[in-house]
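Accompanying notes for the structure given below.
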Amino acid sequence: MSSSEEKKAGFLAIELDGAGYENLATAVLAAESAGFHAATFTDERVPGRANALQRAAFAGPVTRNIAVVPEVDTVYTEPFHISTQLASLDYVSGGRAGWIVTAAESPEAAAAVGRSSVEGAALAHEAAASIEVGRRLWDSWEDDAVIRDVATGRYIDVDKLHYVDFETPSDFPGPGYSVKGPSIIPRPLQGQLPVLAAASLVGDGLVPADAVDAVLVSAPTPELLAGEVRDVRARLGASVAIVVELEVVLDARGEAAVSRSGSAEETGRARFIGSAAALTDLLDSLLQESDGVRLHPAVLDVELDELSRAVLPELRRRGSLRAPIQDGTFRDLLGLGPAENRFATTATGAGK
């Protein structure tokens with residue numbers, strides 16, 4: 001095979017929704033040991049369980065290489081708090097944090113915070129504003145703002161802190177707001193955390209493509225995923241990474257996948273039901289079209305065993321799966337360069 005025909009190697013992420021708080025450390029360590037590149041955490045409310053960002057913060061310090069990427073709502077959560085909590089996550093994980101932006105209709109969440117429910121296209125506007133606030137606040141401290149100057153008694157150089165001066169635009173569909181800044185937390189280790197969102201949330205009139213680093217692509221069936229990836233790539237351009245969404249039910253522990261699949265809740269994601277060998281073939285092809293795939297196991301510990309034993313080793317043997325990045329950042333995994341600071345006096349421009 002010539003160098004121009006070399007096989008493209010992608011990455012794999014796994015959703016740890018099936019991991020309760022008590023066994024979260026075991027689950028994320030097993031995923032890291034198997035060679036998964038990222039662990040994600042859904043923000044669905046489950047009684048007695050910490051939210052996605054808190055679970056990611058728990059997982060960060062017990063792992064070394066795997067990225068920890070929570071879903072965080074942008075509609076009913078204060079943007080300032082999202083920004084600072086994600087910055088803290090980046091510190092406790094050693095620069096392995098990311099943010100999956102969510103914006104969904106939720107009358108219950110609206111009632112809980114005392115505001116009207118947001119629907120339709122307004123959801124994308126809320127998400128876009130929250131992302132912009134977060135990015136500005138992450139840049140509001142220059143990298144060398146903390147000086148710890150004992151002689152003068154100064155901990156920070158105030159000239160290296162900046163107001164963000166964000167205001168929602170005049171056509172903002174919801175209640176307008178402003179954020180002055182600066183942040184209450186130094187700039188994250190990565191400078192800018194990678195931001196991911198559903199492809200359906202990104203595009204003209206929605207969240208701008210240049211506001212995100214990767215999009216999550218779904219399709220009704222596995223057979224339609226490759227075509228959907230190509231359509232999204234054509235629509236958003238090559239600068240945005242593509243991550244495929246795939247639910248997985250495998251033959252496992254002497255039981256056929258079909259008998260284990262049951263009646264699944266409709267999620268809009270493609271669902272693979274079958275053997276580890278057939279899944280390996282599917283992932284092999286998807287990783288040639290996309291930058292990565294996020295797997296949603298039917299039963300976390302069952303599917304993770306099969307994936308660790310039979311799927312990831314074979315993908316590595318075929319050359320379609322990247323090796324884990326040792327002591328790297330989530331930006332490294334996505335192939336993103338250093339994030340320039342839009343406020344820094346030495347910066348030549350603002351990189352996301």
Side-chain angles (χ1 to χ4, degrees), residues 15 17 40-46 51-53 56 69-86 98-138 164 166-179 192-220 228-229 231-233 235-237 240-245 247 265-270 294 296 352:
E15 169 57 51
D17 181 39
T40 68
F41 305 83
T42 188
D43 203 26
E44 293 180 5
R45 291 171 176 80
V46 176
N51 66 32
L53 209 156
V69 191
E71 295 180 0
V72 183
D73 169 64
T74 57
V75 181
Y76 304 109
T77 312
E78 293 287 348
F80 190 95
H81 298 320
I82 294 174
S83 174
T84 56
Q85 289 175 27
L86 286 168
W99 175 18
I100 298 176
V101 169
T102 60
E105 296 182 14
S106 177
E108 299 83 4
V113 298
R115 64 166 291 184
S116 57
S117 182
V118 180
E119 302 174 348
L123 293 166
H125 291 277
E126 293 273 359
S130 186
I131 294 169
E132 178 63 17
V133 170
R135 289 199 180 279
R136 290 194 192 190
L137 286 170
W138 291 334
V164 302
F166 173 85
E167 291 189 10
T168 50
S170 57
D171 60 349
F172 192 70
Y177 63 88
S178 62
V179 177
Q192 290 282 325
L193 276 67
V195 177
L196 298 77
S200 59
L201 200 62
V202 179
D204 293 339
L206 303 169
V207 175
D210 61 3
V212 301
D213 301 291
V215 292
L216 304 170
V217 174
S218 302
E228 186 66 21
V229 168
D231 289 346
V232 171
R233 186 88 72 186
R235 178 169 64 88
L236 299 182
V240 179
I242 303 285
V243 182
V244 171
E245 298 270 58
E247 297 181 359
E265 179 184 350
E266 178 56 44
T267 63
R269 293 188 292 261
R294 177 167 73 146
H296 297 258
K352 66 180 181 181

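We count residues from 1, following the sequence as given.
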- Query: Any ion pair linking D213 and R135 (charged N to carboxylate O, less than 4.0 Å)?
  - Reply: yes

- Message: Testing the basics here: between T168 and G176, what is the closest heavy-atom pair and its distance to 0.1 Å?
- Response: OG1-CA, 3.2 Å

- Between CG of D73 and CG of L53, what distance do you get to the nearest 0.5 Å? 12.0 Å

- Would you indicate whether E105, at its atom CD, is surrounded by more than 12 heavy atoms from other residues, nucleotides or ligands within a distance under 6.0 Å? yes

- From OH (Y177) to CD (E126), nearest 0.5 Å: 6.5 Å

- Item | Polar side-chain atom of E71 near backbone of T102 as donor-acceptor pair, under 3.5 Å | no

- Query: What closest approach, in Å, do G98 and P70 show between heavy atoms, and which atom pair accounts for it?
  - Reply: O-CD, 3.2 Å

- Message: In the structure I gave you, are the side-chain heavy atoms of L123 and V75 within less than 4.5 Å of one another anywhere?
- Response: yes

- Message: Measuring from atom CZ of R269 to atom CD of E247, what distance do you get when rounded to the nearest 0.5 angstrom?
- Response: 4.5 Å

- Query: Measuring from D43:CG to I100:CD1, what's the distance to the nearest 0.5 Å?
  - Reply: 10.5 Å

- Message: For G174, is there any backbone N or O sitting under 3.5 Å from a side-chain donor or acceptor partner on R115?
- Response: no

- State, to 0.1 Å, how close V217 and A199 come at their nearest heavy-atom pair, and which atoms those are. CG2-CB, 4.1 Å

- Mind listing the closest non-hydrogen atom pair of A209 and V202 along with its distance? CA-CG1, 3.7 Å

- Message: T74 vs W99, test: side chain to side chain contact (heavy atoms under 4.5 Å, CB included). Steps then yes/no.
- Response: CA-CA 11 Å; T74 57; W99 175 18; 3.6 Å; yes

- Note: S218 and G268 closest approach over all heavy atoms is CB-O, 3.7 Å

- Message: Within the structure provided, determine whether L206 and L201 are in side-chain contact (heavy-atom separation under 4.5 Å).
- Response: no

- Message: Looking at every non-hydrogen atom in both residues, tell me the closest pair between S130 and P79 and how far apart they are.
- Response: OG-CB, 3.9 Å

- Item | T40 OG1 to R294 CZ distance, which is reported to the nearest 0.5 Å | 4.0 Å

- Query: Backbone N or O of P194 within a donor-acceptor pair of the Q192 side chain at under 3.5 Å?
  - Reply: no

- Query: Is there a donor-acceptor pair under 3.5 Å between the side chain of E15 and the backbone N or O of T42?
  - Reply: yes

- Query: So, do V101 and V212 sit near enough that their side-chain heavy atoms are less than 4.5 Å apart?
  - Reply: no

- Query: How many angstroms lie between CG in L86 and CH2 in W138, if you round to the nearest 0.5 Å?
  - Reply: 5.5 Å

- Message: Would the distance check show the side chain of T84 and the main-chain N or O of H81 forming a donor-acceptor pair, the cut-off being under 3.5 Å?
- Response: yes

- Counting distance only, does the side-chain N/O of Y76 pair as donor-acceptor with the main-chain N or O of A111 below 3.5 Å? no

